[in-house]
Amino acid sequence: MSYKLWKKKDYPKLMILTILILIMFVQMNFFKKIYFLFTRDYETRLIKSYEYCGKESIGFLSDIKKRFQIDYKIPIVNYTSSPNSSWYYNDLKSIKNKKIIFLNYNSNHKVNTKYSQNLNDYKILHKYNNCYLLDIK
Amino acid sequence: MIEIFSIFSQLLLITIFCYVPTNICLFFKNNSNLDILNRLEIGIVLNLFILLILSFILRNGSNTIYYLLIIIFLNNLIFLSKDIFQKYKNQSFKINFIFLFFIFLFLIFSIDLANNLKIGWDAQNYWLIKKLVFTNGGDFFDLKNTPRDDYPYLGSFVWHIYSKFSLLGHEYFGRLFYLYLFLLSIFSVASIIKIKTFEKVMLIFVLIFLIYKIELFNGYQEILNFSLLILLTKVFYVIFSENILIKKFDNRFIYLFILINSIIWIKSESTVLIIIFLLSIFLMSQINLKIKILMTLFFLILLLNKYYIFDFVGLSHEIQKGNYEYFKISNFFDFVNFSRIALVLKYILFYSLNNIAFILSFVALLIMAKFDKKNIFILPFISMFIFGFGFFMSAFLLSSFPLNWVLWVSMNRIIFETSGLYIILVPLFYDFLKRKKIFKKI
């Protein structure tokens, strides 16, 4: 069975369609995106979608997960007006531990949490700008 | 490479899940000439309904519903293969260019989504949390432990199911279903008028250019409401364009109510949007009073069912918990006063201008109301706009939250989802221009 998709009189229409599709590709950076899909894994693309240490700080959370080989959930206190990023650790085990993460920490700003907000009460395990991985003393 | 392959397999997975056998299609549509997009349009609504029912029987740690879904998948796959084989045997197998275009756009936008994995604010706070309840093996009884338990959960459940059944299991594969539904609704609404394939492609292009933004798919549920409202207005249009006087409650009304049922399980305000839709179509004299009463009754049953299930599970049944708690008749003028009205109007104006599809639909309606007075669809759409405006005003004026903030964060989304009711006016307007031979004059 053979199919002839296009007749000769359809060529101008096909041209218009191709131009529109190309405009759409350029508009949405399609070629760059398809390149990233080949060269960057899911985790990298996820981290790049968020700030490293700011708002949800998924980059920082990912970094400490790898660096400290963390396979359990750690409580997160976020000092900025931003959604709680604890969903990032959703697939980890729920076990009691003494670690805590402060994101976008600001000593002048108090947030509603049961944890002490004084850094002197903790041992700093890792710090990047205002993001901290802490161990409760 | 594997991710591209997974996106393609996800497309196949959703298509097979939403494929419906001919008999079921004919039950809901009298038209025997059904192409793949028609089938998918029916199938996607049935799929949402099935998923809603399965979410009720899902129990903590049990895999029963997943086995049931595998059976449904295999059943649909058999029917799809049988239909393709039969068409091939009868030599009636034709390449559907519009469906190829659908696949093409789906793949393009999927790649866009795969590079913009940021989940929106409310989506991270509420919808993703609900999705994770199911991902972690929980059932809908566990939803009472999530923030905003008054929010329905169907969108989050669909997100969970399609990411669970995906090849790589990443969360965004679940959101590809939202994209699929969006594209299907646009293709579906573009097919209500009889035009050549190229014109249809152009119309689809225009609609998608006007509406598509990657942020729509960042986990917010408005895109589901928007797409389902498009399908709803299409069903309404199809029923009324064929029958001038509606006296009988036929199978298409069953489909309409399955669709309405899915919508009210997406978001709290969906109920209001359905009321706007029903009130507007009830203004049509073409609908028999008996049908109007039956439709109202069915809608009330669906609402009571939702109320009962929420009550049974222990979820809150307040609409927008906390949002209207300080409003009382005694302090009416604290909420409804000149400065607040002016502020809401300002936001409605600016966010409407931001939504080009909404503006285009509005302009199309104004022109058709002036020059196409015999069109029976003008009245219901005018009333949808008026009721929609009333909804925007009352929803925000009576809010107990700081008005500026609540308008800033939610007005654009409310306008967007409501515009699903009006998008059908764009193809209707194109049809009107063609009938008036405007293009030939130009």
Side-chain angles (χ1 to χ4, degrees), chain A residues 1-7 9-25 27-51 55-56 58-59 73 78 80-94, chain B residues 1-7 88 91-95 97 100-101 104-105 107-133 135-136 147 168-173 196-199 201-202 204-206 208-209 212-214 218-219:
Chain A
M1 223 186 296
S2 71
Y3 298 105
K4 198 169 180 186
L5 260 176
W6 319 108
K7 291 171 192 158
K9 63 169 186 175
D10 291 336
Y11 287 169
K13 292 175 186 172
L14 199 65
M15 280 277 281
I16 295 171
L17 195 59
T18 313
I19 291 167
L20 280 174
I21 289 169
L22 281 174
I23 291 171
M24 190 174 81
F25 280 178
Q27 191 80 14
M28 58 193 268
N29 279 329
F30 178 73
F31 299 107
K32 197 168 126 186
K33 281 174 181 169
I34 201 152
Y35 171 74
F36 286 156
L37 205 58
F38 279 108
T39 55
R40 291 177 176 173
D41 63 356
Y42 171 76
E43 188 72 11
T44 314
R45 280 182 283 120
L46 180 71
I47 293 163
K48 295 253 179 215
S49 301
Y50 295 89
E51 290 179 46
K55 294 183 181 169
E56 294 92 341
I58 300 297
K73 289 175 186 163
N78 199 333
T80 192
S81 173
S82 175
N84 191 320
S85 13
S86 50
W87 56 264
Y88 181 74
Y89 287 152
N90 174 63
D91 54 344
L92 305 182
K93 285 178 275 185
S94 294
Chain B
M1 193 67 195
I2 182 87
E3 203 130 347
I4 299 267
F5 177 71
S6 305
I7 288 173
Y88 191 78
Q91 298 205 325
S92 59
F93 187 82
K94 282 183 200 159
I95 292 176
F97 180 75
L100 284 183
F101 186 55
F104 172 76
L105 286 181
L107 294 175
I108 301 301
F109 294 144
S110 300
I111 289 165
D112 196 18
L113 185 63
N115 278 281
N116 291 281
L117 294 169
K118 188 170 183 175
I119 298 169
W121 185 293
D122 274 17
Q124 281 189 61
N125 277 335
Y126 313 123
W127 308 113
L128 179 66
I129 305 294
K130 290 185 198 298
K131 181 224 173 241
L132 291 177
V133 164
T135 308
N136 295 337
L168 295 176
H170 300 321
E171 74 59 39
Y172 83 90
F173 284 98
K196 288 176 193 157
T197 308
F198 181 71
E199 283 177 275
V201 169
M202 286 297 116
I204 290 166
F205 241 119
V206 169
I208 286 174
F209 263 121
Y212 179 79
K213 272 188 287 185
I214 192 64
N218 62 7

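Just so you know, these numbers use all the heavy atoms, side chains as well, and skip hydrogens, waters and symmetry mates. The shown structure was predicted, so the numbers you read here are calculated from the model rather than taken from an experiment. All chains are named by letter (A, B, ...) in the order of the sequence lines, taking the proteins before the strands, and each is independently numbered beginning at 1.
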Option in [options] with maximal non-hydrogen atom pairs under 4.5 Å from chain A:
options                         : result
Asn136(B), Thr135(B), Ile7(B)   : Asn136(B)
Ile208(B), Ile108(B), Leu128(B) : Ile108(B)
Met202(B), Glu3(B), Lys118(B)   : Lys118(B)

Between [X] and chain A, with a heavy-atom cut-off of 4.5 Å, which part of the residue counts as in contact: side chain, backbone, both or neither?
X         : result
Ile2(B)   : neither
Asp122(B) : neither
Leu168(B) : neither

Between [atom1] of [X] and [atom2] of [Y], what distance do you get to the nearest 0.5 Å?
X         : Y         : atom1 : atom2 : result
Asn29(A)  : Gln27(A)  : CG    : CD    : 9.0 Å
Tyr172(B) : His170(B) : OH    : NE2   : 6.5 Å
Lys32(A)  : Leu37(A)  : NZ    : CG    : 14.0 Å
Ile119(B) : Trp127(B) : CD1   : CH2   : 14.0 Å
Phe205(B) : Tyr212(B) : CZ    : OH    : 12.5 Å

Which answer fits Thr39(A), side chain, backbone, both or neither, if we ask what part of it has an atom under 4.5 Å from a heavy atom of chain B? neither
With only heavy atoms counted, which part of Ile21(A) is less than 4.5 Å from chain B, the side chain, the backbone, both or neither?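 Both backbone and side chain of Ile21(A) come within 4.5 Å of chain B.
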Test of understanding: with side chain to side chain donor-acceptor pair (under 3.5 Å), list the residues that count as partners of Glu56(A), not counting sequence neighbours.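 Gln124(B).
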Asn78(A) side chain to Lys55(A) backbone, donor-acceptor under 3.5 Å: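 It does hold such a pair.
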Are the aromatic ring centres of Tyr35(A) and Phe31(A) under 6.0 angstrom apart? no
If the contact rule is any heavy atom under 4.5 Å from chain A, which residues of residues 109-116 of chain B qualify, in numerical order? Phe109(B), Ile111(B), Asp112(B), Ala114(B), Asn115(B), Asn116(B)
Those residues of residues 42-50 of chain A, ordered by number, that approach chain B below 4.5 Å (heavy atom to heavy atom):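 So the qualifying residues are Tyr42(A), Arg45(A), Leu46(A), Ser49(A), Tyr50(A).
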Strictly less than 4.5 Å between heavy atoms, which residues of residues 85-94 of chain A line up against chain B? Please order them by number.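 So the qualifying residues are Trp87(A), Asn90(A).
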Flag yes if more than 12 heavy atoms outside Phe209(B) fall under 6.0 Å of its CZ atom; otherwise flag no. yes
Check: [Y] and [X] side chains under 4.5 Å, non-hydrogen atoms:
X         : Y         : value
Trp121(B) : Ser81(A)  : yes
Ile129(B) : Asn84(A)  : no
Met24(A)  : Leu105(B) : yes

Hey, can you tell me if Phe25(A) and Phe104(B) have their rings parallel, tilted or perpendicular (30° and 60° cut-offs)?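 Judged by the thresholds at 30° and 60°, the geometry between Phe25(A) and Phe104(B) is tilted.
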